[in-house]
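Written below as structure tokens is the structure these notes are about.
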Amino acid sequence: MSIKLDGKKLSFEIQERLRDEVTLGINNAKRAPSLAVIRVGDDPASGVYINNKEKACKRVGIRSLVFHLESKTNMTNVEELINKLNLDDKIDGILLQLPLPEKLDPQKLISKIIPSKDVDGLHELNVGKLVKNEAGLRSCTPAGIINLLKSQKIDIQGKRIVVIGRSLLVGKPISLMVLNLNGTVTITHSKTKNLQEISKEADILIVAAGKPNFIDSNFIKKGAVVIDVGIHRLKNLNNATTQLCGDVVLKDVISKVFAYTPVPGGVGPMTVTMLLVNTIFSWQKRCGISSTVEDLLP
Ligand code: NAD
């Protein structure tokens, strides 16, 4: 029987541990960790994600503050808010909720966040640290994937890893993380030829193409580990109900794989948990407490 890499369960366990770290650290820090979330406009999916993040913060004892700006806000307004939060000693993490309205440049704004508060791990300095394999804040989704693999003692060293997707958010950082852990990595993308053949060579296949039900058993070697990053809400035939699915057709691959992540309940919950880990890492540094969560940051 194949192993389910249960992100919901692992998230719960890590969050229990984080709650203890906060309770223990607060005596020395003299304040709770705090996360500032910047939301621009009214994208409904962003609203759901922010709610989930707020609930998770509350569970572990992180103070969360949401700054909601109107969709017509310009770059200067957002930059001014970021500057204010950069200078606020009581703020440990700043998260710019994506996507932003089209006229705003996300990468330019992320660059304005001071790297030590960049809890999404997307600032170029933190990306640079990942390239150099130095400790630092890590991009949340890929860091969550590494923790899922570790939780089932799935070794990366010497393994053949194929990543489908090369985005700044997932594909590139996960490729660097597995490389730093001595995996042999192939990065594929929309212009890759013979994707099926390449995927079939993978001991660990990480799929982040953003295409519903894209990968079936023809792309998978028997005994491989399959990580499905994709998440899609598809309308049923009656158009009234929706169903969540990933990039992988799980029912087709499940009997062939050694381990897999479900959708939902796999990579998604780990993304939120890693945001909490980054925030606590930043808080401990800022308050002069030795880090107790570094082992969770690949
Ligand atoms: P993206 O659209 O930025 O990148 C998709 C990548 O897939 C691109 O690099 C593209 O080249 C590649 N691609 C597209 N078609 C391909 C094909 N036919 N063959 C090979 N490669 C192909 O998306 P993203 O931000 O990396 O996210 C990917 C998916 O993961 C989306 O479904 C997103 O919703 C999901 N996601 C989930 C979480 C989570 O926490 N569960 C977090 C981030 C992203």
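For ligands, and for the atoms within them, numbers begin at 1 and follow the listed sequence.
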Checklist entry - What residues sit with at least one heavy atom under 4.0 Å from ligand 1? => result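 T141, I164, G165, R166, S167, L169, V170, H189, S190, L195, A208, A209, G210, K211, F214, V229, G230, I231, H232, G268, T271.
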
Checklist entry - Which hydrophobic side chains are connected to V257, either touching it within the sub-4.5 Å cutoff or through other members that do? => result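 The other cluster members (ILVMFWY side chains, heavy atoms under 4.5 Å, direct or chained) are V162, I164, L195, I198, L205, V207, F214, I215, F219, I220, V226, V248, L250, V253, I254, Y260.
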
Next on the checklist: So, using side-chain contact (heavy atoms from CB on, under 4.5 Å) as the criterion, who are the partners of S11 when residues are at least two apart?
Outcome noted: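 S11: side-chain contact (heavy atoms from CB on, under 4.5 Å) contacts with Q15, P269, M270, T273.
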
Next on the checklist: Regarding R17 and D295, does a basic nitrogen lie under 4.0 Å from an acidic carboxylate oxygen?
Outcome noted: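 Yes.
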
Item to check | Pairing of K200 and E197 as salt bridge, 4.0 angstrom limit | outcome: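 No salt bridge links K200 with E197.
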
Item to check | Student check: side-chain heavy atoms of L130 and M177 closer than 4.5 Å | outcome: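 Yes. Closest side-chain heavy atoms under 4.5 Å.
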
Checklist entry - How would you list, by chain and number, every residue that makes a salt bridge (Lys or Arg N to Asp or Glu O under 4.0 Å) with K221, sequence neighbours excluded? => result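 Salt bridge (Lys or Arg N to Asp or Glu O under 4.0 Å) list for K221, sorted by chain: D203.
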
